[in-house]
Amino acid sequence: MITAALLFELAWKSLVLSGAALGVLRLARRRSAAERSWIAHCGLASLVLLIPAVIMAPAWNPVPLPAPVLEAPAGTTVLVDMPALAHATSPPAAPAAGGPATPDAEWALPSPGEFAVWAYAVPLVLLLAAMLIAIGRLFAMHRRANVLVEAPWLAALAQAQRRMGFKHGTALLVSDELHSPVSWGMMRPIILLNPAVIPATDEAEAIIAHELAHVARLDWAKLLLARVACAVFWFNPLVWLLARESHQLREEAADDAVLLSDVEDTDYAALLVNAARHDNQALLLAAHGVAPAKDSLKRRIARVLDASLPRRPVDMGWGALCVLVVLGLAGPLAALEPAAEPEEKAPLAALGNEAGLIGQIAAQAAAEAVPAAVRGALDDEGIELAEHDEHDEGDSEADRLIEMKAVGVTPEYVDAMRAAGFPGPMEDMIDARAVGVTPEFAREVRRFSSHATLEDVVEARAIGLSADYIGQMRGVFPGLAIDDAVELAALQITPEYVRDMRRLFPGLTAEQAVELKAVGVTPDFVERMRREGLSTRTPDEAVEGKLFSQGAGPIGHGPSAMAIGPNGRVDMRGPDTAMAVAVARGPGPGS
């Protein structure tokens, strides 16, 4: 998303890139037009790629800023008010349901950042729309144009393609909507002539050579690149200067290609003067033509008539060198972030105007160490932090302070828990608050078990144990301990289950109920065992029978049936004994 900060970053980085490209062009003024054109277009390409590079590249700062340190003025006595600090650092509370809603403003002035984004977007859209309209006019003109069949022009096209080694097919068309010849396209390039130039067959070779040079050097793609760069960085005058210079260099490189094809320089200069009388206006936004602009006519004619100038094309080594230089400059510049933070992040920021200096000192203490003033304030509140051995790798005092703030442990909470009978260490207070233990819940647990610890309360709350459940289970197990209640609740044992099992096992204890439920013994299972004639006089026998049936198959049938020992208990010695006892008893029911 475009923001004012992103626009500011793009603005100064585009100034650096475009200024560097213009500077290199100045230093390379003795190079050929084709080589200088390659430099200019590498600079334009780096500008267009600057936006995704700035957004995606990681921030890099060769000189990181020092981390700010918060210090209290000398001689200041710091009094840390934990409730005030908690209030200052807590997010604003949501409005109560049904409360009065804040009326939304019907209209408000945009912020400076929003205004900057809109001010940037409007010219961007207009410039891109103008470019698309110009391209659309070219393609519409192409559909209405006629194929040129005059032999001199076709021969000039074939001769120019042979001389330049250009083997792609090029369409040669004529349209009365033009004032001078133009060319565009890459995969299927087009040279479009105006009818007035057709009789001038003596100029055919020069005109075709110029336009075919644009086609062979992919100048149409370079033209669109320059238009996009100007649209994106419309606010940067150096980008406009670079785009203007790149257009001039494209034309000069095409002129050099014509002169290298043995066209007389005087004849070609006369052609430029004659073509300059005609202007295709908006079409030149999206196409190249022979006709020079009025401000570039003098420069182009002077170059054409100066035989001492270099006119060589770009070789592979020069082009690769330009690309490497651009990448070496544009890459670090895109990632450069002068305000980037150092690797070690700065301490916590100030916590708000409400806390003032108190919030700053407390934040610094949480990030580095708890100063003596903070420890003294905690002692005054009655909050004790457990001491750790110097070699202990556990939580530091600062870590415990952060945990207290994160889960909401306040002096009021600590006082209420102590009033409920739980003066536990701070680690247990943090655990209790983290699972949602309230002082009311702690008092309910203490009411049922005076010996319950804070750890027992935390376990009870963690599994969803409620005071009502403890009361119900106390009805079937008088004097039930809190840890036994936790086990019963963990297995979802209900009073109904206990009553049903007690009809089968009078005197059933809480521990026995836990064992029966843990292995899945139900009243129906016990009654089925008894119908099979198997002994289940005690809960232990029912547990053994359930375990054996889970591993051996149906009860009382086949070689895997349970064996009943002389004392009436289930014999788990193995399948051989089970077989012997089953045979001695005779066929089971249903055999």
Side-chain angles (χ1 to χ4, degrees), residues 6 8-64 164-166 186-187 213-233 236-257 260 288 303 309-338 340:
L6 177 61
F8 177 77
E9 184 176 359
L10 291 175
W12 73 263
K13 290 184 177 180
S14 66
L15 279 171
V16 173
L17 277 180
S18 55
L22 290 172
V24 174
L25 283 176
R26 178 68 177 173
L27 295 175
R29 58 184 178 274
R30 297 188 181 278
R31 309 292 298 191
S32 69
E35 291 172 334
R36 298 181 71 232
S37 175
W38 183 251
I39 295 174
H41 290 96
C42 284
L44 290 171
S46 66
L47 286 167
V48 173
L49 296 176
L50 183 62
I51 294 180
V54 167
I55 295 175
M56 296 184 293
W60 168 70
N61 185 2
V63 184
M164 295 181 180
F166 190 78
M186 291 181 293
M187 301 301 296
H214 283 308
V215 171
R217 297 176 64 252
L218 302 178
D219 280 350
W220 192 61
K222 297 174 184 177
L223 172 63
L224 298 184
L225 174 67
R227 299 302 179 196
V228 171
C230 289
V232 173
F233 299 101
N236 188 340
L238 296 184
V239 175
W240 288 94
L241 288 176
L242 182 60
R244 180 180 178 180
E245 184 66 15
S246 67
H247 184 84
Q248 178 70 21
L249 290 172
R250 287 194 300 272
E251 296 297 339
E252 292 178 2
D255 293 342
D256 291 345
L260 289 175
H288 290 94
R303 287 193 76 262
L309 293 178
R311 307 189 189 279
R312 58 182 173 273
V314 179
D315 56 30
M316 294 296 294
W318 175 261
L321 178 62
C322 292
V323 172
L324 290 178
V325 171
V326 168
L327 293 178
L329 176 64
L333 180 63
L336 179 63
E337 182 60 55

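Numbers here are sequence positions counted from 1. These values consider heavy atoms only, across backbone and side chains, with no hydrogens, waters or symmetry-generated copies. In this text the structure is predicted, and so the values were computed from the model without any measurement.
Using a 4.5 Å cut-off on side-chain heavy atoms (C-beta onward), Arg311 and Arg303 make contact. Residues Arg217 and Ser37 meet the side-chain proximity criterion, which asks for heavy atoms closer than 4.5 Å. At least one side-chain heavy atom of Leu50 sits under 4.5 Å from a side-chain heavy atom of Phe233.
When all heavy atoms of Gly43 and Ala21 are compared, the pair lying nearest together is CA-CB, 4.2 Å. Smallest separation of non-hydrogen atoms from Pro313 and Ala34: CA-CB, 4.0 Å. Summarising the geometry of Leu225 relative to Ala45, their closest heavy-atom pair is CD2-N, 3.8 Å, with the distance given to 0.1 Å. Looking at every heavy atom in both residues, Asp219 comes nearest to His214 through OD2-ND1, 2.8 Å.
With rounding to the nearest 0.5 Å, the separation of CD1 in Ile39 from CG in Leu27 is 9.0 Å. Annotation: the span from Leu242 atom CG to Cys230 atom SG amounts to 8.0 Å, rounded to 0.5 Å. The structure places CG of Leu224 at 12.0 Å from CG of Leu44, a figure rounded to the nearest 0.5 Å. Considering CG of Leu238 and CG of Leu47, their distance stands at 10.0 Å, rounded to 0.5 Å. The CG atom of Leu223 lies 8.0 Å from the OG atom of Ser246; values are rounded to the nearest 0.5 Å. With rounding to the nearest 0.5 Å, the separation of CG in Leu241 from CG in Leu25 is 11.0 Å.
Note on Arg312 versus Asp256: no salt bridge recorded, every NZ/NE/NH1/NH2 to OD/OE distance being 4.0 Å or above.
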Practice item. Report the C-alpha distance between Trp38 and Val323 in whole Å, list the side-chain angles of each, state the deciding distance to 0.1 Å, and finish with yes or no for side chain to side chain contact (heavy atoms under 4.5 Å, CB included). Key: CA-CA 9 Å; Trp38 183 251; Val323 172; 4.1 Å; yes

Exercise for review: Please report the C-alpha distance between Asn236 and Leu15 in whole Å, then the side-chain angles of each, then the deciding distance to 0.1 Å, and finally whether the side chain to side chain contact (heavy atoms under 4.5 Å, CB included) criterion is met.
Suggested key: CA-CA 7 Å; Asn236 188 340; Leu15 279 171; 3.1 Å; yes

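With 3.5 Å as the limit, one finds a donor-acceptor pair spanning the side chains of His247 and Arg250.
Under the 3.5 Å distance criterion, the side-chain polar atoms of Ser14 are matched with a main-chain donor or acceptor of Leu10. Using a distance-only test at 3.5 Å, with no hydrogens or angles considered, a donor-acceptor pair links the side chain of Arg29 to the main chain of Arg26.
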